Amino acid sequence: MPELTYREAVRDGLVQAMRADDRVFIMGEDIAEMGGSMGVTQGLLDEFGSERVRNTPISEMAIVGAGIGAAMAGMRPVVEIMYEDFLTLSLEQIVNQAAKHRYMSGGQITVPLTIRTQGGAGWSPGAQHAQQLEAWLVHVPGLKVAYPSTPQDVRGLLWTAIHDDNPVVVFEHRLLYPVKGEVSEELEPIPLGKARVVREGTDVTVIAIGPLVHRALEAAKQAEEEGISVEIVDPRTLQPLDEEALVASVKKTNRAVVAHEAVTRMGFGAEVTAVLQHQAFDYLDAPIERVGAKFTPLAFAPVMEQYVIPHAEDVLAAIKRTVGK
């Protein structure tokens, strides 16, 4: 199997979708000649031209609004919001327009819009360029939300998102772009709502998303040295959520840790915890542990930023608490 970086896998997913269907086009700030702020769309302008690789004004509401209109008119646009913090500027279009039109039209109108965005801490971007806001959008009926953690997953989920007749928001973490991983020779679409067991274990389940999948793997290796067997499950899509897979794992291990980089207060992990409490309560041998960022804006100073966000050591400490060590 070939090896690609996460960045290359995103690009490959876009390229293959655009080659397969002329209705697929991309637009966003500086995505053409510059290749995007994170270098994801480099080279696409040369192959597909300015009609299908479109630079936009610096207006997130206009970017998403134009994408919605194009989707309703029969295209399959992929719009890029440079930082997920800036999704806040387009929430009216996402929440009140994209998410509602199919329902309000009785299914007569579809909105096959894909919104790509990236963010996350760990490289000192400051409080306005590093937030993790996935829980905001999971709360909105009519939207689908994906958060791939590997090159294989981001390519397969992006393909599926582009071909879905509903709006899909795909979150990408800034620190994952250089991460390498094996990908299949042929692009394999990954269904939305299908979790992946990253690591088999018997003592405790860690349900992690985004970069916390990789930090959970580090924690699991350390826990193994202390005789603790850790199973790691990556939901991959937050909406729809593969509740069956998460519950099955916890019924197997009888303990659970939920981990994400967003703040714990009202975060995605709170919903996962509620699902587990409701569907696997009788199987739990210990309280569910939650790992996330401290409830504070992210500082620019690296040492303060690192203090706020969760690390492998935090996941390991939660694992130990739940097994009583």
Side-chain angles (χ1 to χ4, degrees), residues 1-17 24 26 28 36 38-41 78-84 87 113-122 131-138 143-164 166-184 186-199 206-217 232-242 245-246 258-262 267-269 272:
M1 296 176 71
E3 191 175 64
L4 296 178
T5 65
Y6 191 99
R7 177 185 287 107
E8 291 168 339
V10 176
R11 184 185 302 125
D12 189 56
L14 292 171
V15 167
Q16 294 206 45
V24 180
I26 62 176
M38 300 300 158
V40 171
T41 55
V78 181
V79 303
E80 178 181 307
I81 302 299
M82 188 180 291
Y83 287 87
E84 68 180 80
L87 284 174
L113 169 68
T114 301
I115 301 172
R116 287 184 48 248
T117 189
Q118 68 82 34
Q131 296 172 87
Q132 297 282 268
L133 303 176
E134 64 274 357
W136 289 28
L137 299 182
V138 175
L143 296 180
K144 296 183 179 182
V145 181
Y147 198 164
S149 65
T150 67
Q152 174 80 355
D153 285 352
V154 75
R155 188 177 69 165
L157 285 168
L158 183 58
W159 175 276
T160 302
I162 292 170
H163 292 87
D164 198 293
N166 302 284
V168 184
V169 182
V170 180
F171 286 95
E172 302 162 10
H173 195 283
R174 168 68 174 80
L175 295 188
L176 293 180
Y177 283 131
V179 172
K180 291 184 177 181
E182 290 186 343
V183 298
S184 56
E186 298 292 328
L187 190 151
E188 297 178 357
I190 296 173
L192 299 173
K194 186 68 173 177
R196 176 173 66 95
V197 177
V198 179
R199 186 183 197 273
V206 177
I207 298 168
I209 61 174
L212 265 295
V213 173
H214 300 273
R215 295 170 205 172
L217 281 168
I232 299 173
V233 182
D234 178 0
R236 300 196 290 192
T237 57
L238 314 187
Q239 176 59 36
L241 178 64
D242 190 353
L246 306 187
V258 183
H260 51 62
E261 190 176 280
F268 175 71
V272 173

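Because the structure is a prediction, the values reported are computed rather than measured.
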Heavy-atom pair with the smallest gap, counting every atom of Pro211 and His173: CG-CD2, 3.4 Å
Derivation and outcome, side chain to side chain contact (heavy atoms under 4.5 Å, CB included), residues Tyr83 and Thr117: CA-CA 6 Å; Tyr83 287 87; Thr117 189; 5.6 Å; no
side-chain hydrogen bond (donor to acceptor under 3.5 Å, both in side chains) partners for Gln239, two or more places apart: none
Closest heavy-atom pair and its distance - Pro148, Tyr6: O-OH, 2.8 Å
Spatial distance of atom CE (Met38) from atom CZ (Arg7) [nearest 0.5 Å]: 8.5 Å
Any residue meeting side-chain hydrogen bond (donor to acceptor under 3.5 Å, both in side chains) with Tyr177, in chain and number order, not counting sequence neighbours: Glu172
Test side-chain hydrogen bond (donor to acceptor under 3.5 Å, both in side chains) applied to Asp242 - qualifying residues, sequence neighbours left out: none
Any donor-acceptor N/O pair, Arg174 side chain to Gln118 backbone, under 3.5 Å: no
Smallest separation among heavy atoms of Pro151 and Gly181, with atom names: CG-N, 3.6 Å
Trp136 side, atom CH2; Gln131 side, atom CD - distance, nearest 0.5 Å: 7.0 Å
Non-hydrogen atoms of Leu212 and Glu261 that approach each other most closely: CD2-N, 3.5 Å
Full working for side chain to side chain contact (heavy atoms under 4.5 Å, CB included) between Val233 and Leu246: CA-CA 7 Å; Val233 182; Leu246 306 187; 3.6 Å; yes
side-chain contact (heavy atoms from CB on, under 4.5 Å) partner of Val10, the single match among Leu158, Thr41, Val15: Leu158
Glu134 side chain to Val145 backbone, donor-acceptor under 3.5 Å: no
Approximate separation, where rounding is to 0.5 Å, of Leu187 CG and Gln16 CD: 4.5 Å
Those residues that, when tested against His260, pass side-chain hydrogen bond (donor to acceptor under 3.5 Å, both in side chains) (two or more places apart): none
Criterion side chain to side chain contact (heavy atoms under 4.5 Å, CB included) on Leu241 and Val138, from CA distance to verdict: CA-CA 10 Å; Leu241 178 64; Val138 175; over 6 Å; no
Test side chain to side chain contact (heavy atoms under 4.5 Å, CB included) applied to Glu188 and Trp159, step by step: CA-CA 9 Å; Glu188 297 178 357; Trp159 175 276; over 6 Å; no
Approximate separation, where rounding is to 0.5 Å, of Thr150 OG1 and His214 NE2: 6.5 Å
Closest contact, heavy atoms only, Thr237 versus Gly193: OG1-N, 2.6 Å
Rounded distance [0.5 Å steps], CD1 in Ile190 versus CD in Gln152: 5.5 Å
Partners passing salt bridge (Lys or Arg N to Asp or Glu O under 4.0 Å) against Glu80 (at least two apart in sequence or in another chain): Arg116
Flag side-chain contact, heavy atom, 4.5 Å: Val170 against Leu157: no
Close side-chain approach of Asp12 to Val183, heavy-atom, < 4.5 Å: no
Salt bridge (Lys or Arg N to Asp or Glu O under 4.0 Å) against Arg11, all qualifying residues, sequence neighbours excluded: none
Where Ser149 and Asp234 come nearest, the two heavy atoms and their spacing: OG-OD2, 2.6 Å
Check: Leu133 main-chain N/O paired with Glu84 side-chain donor or acceptor under 3.5 Å: yes
Spacing of CZ belonging to Phe171 relative to CD1 belonging to Ile209, to within rounding of 0.5 Å: 9.0 Å
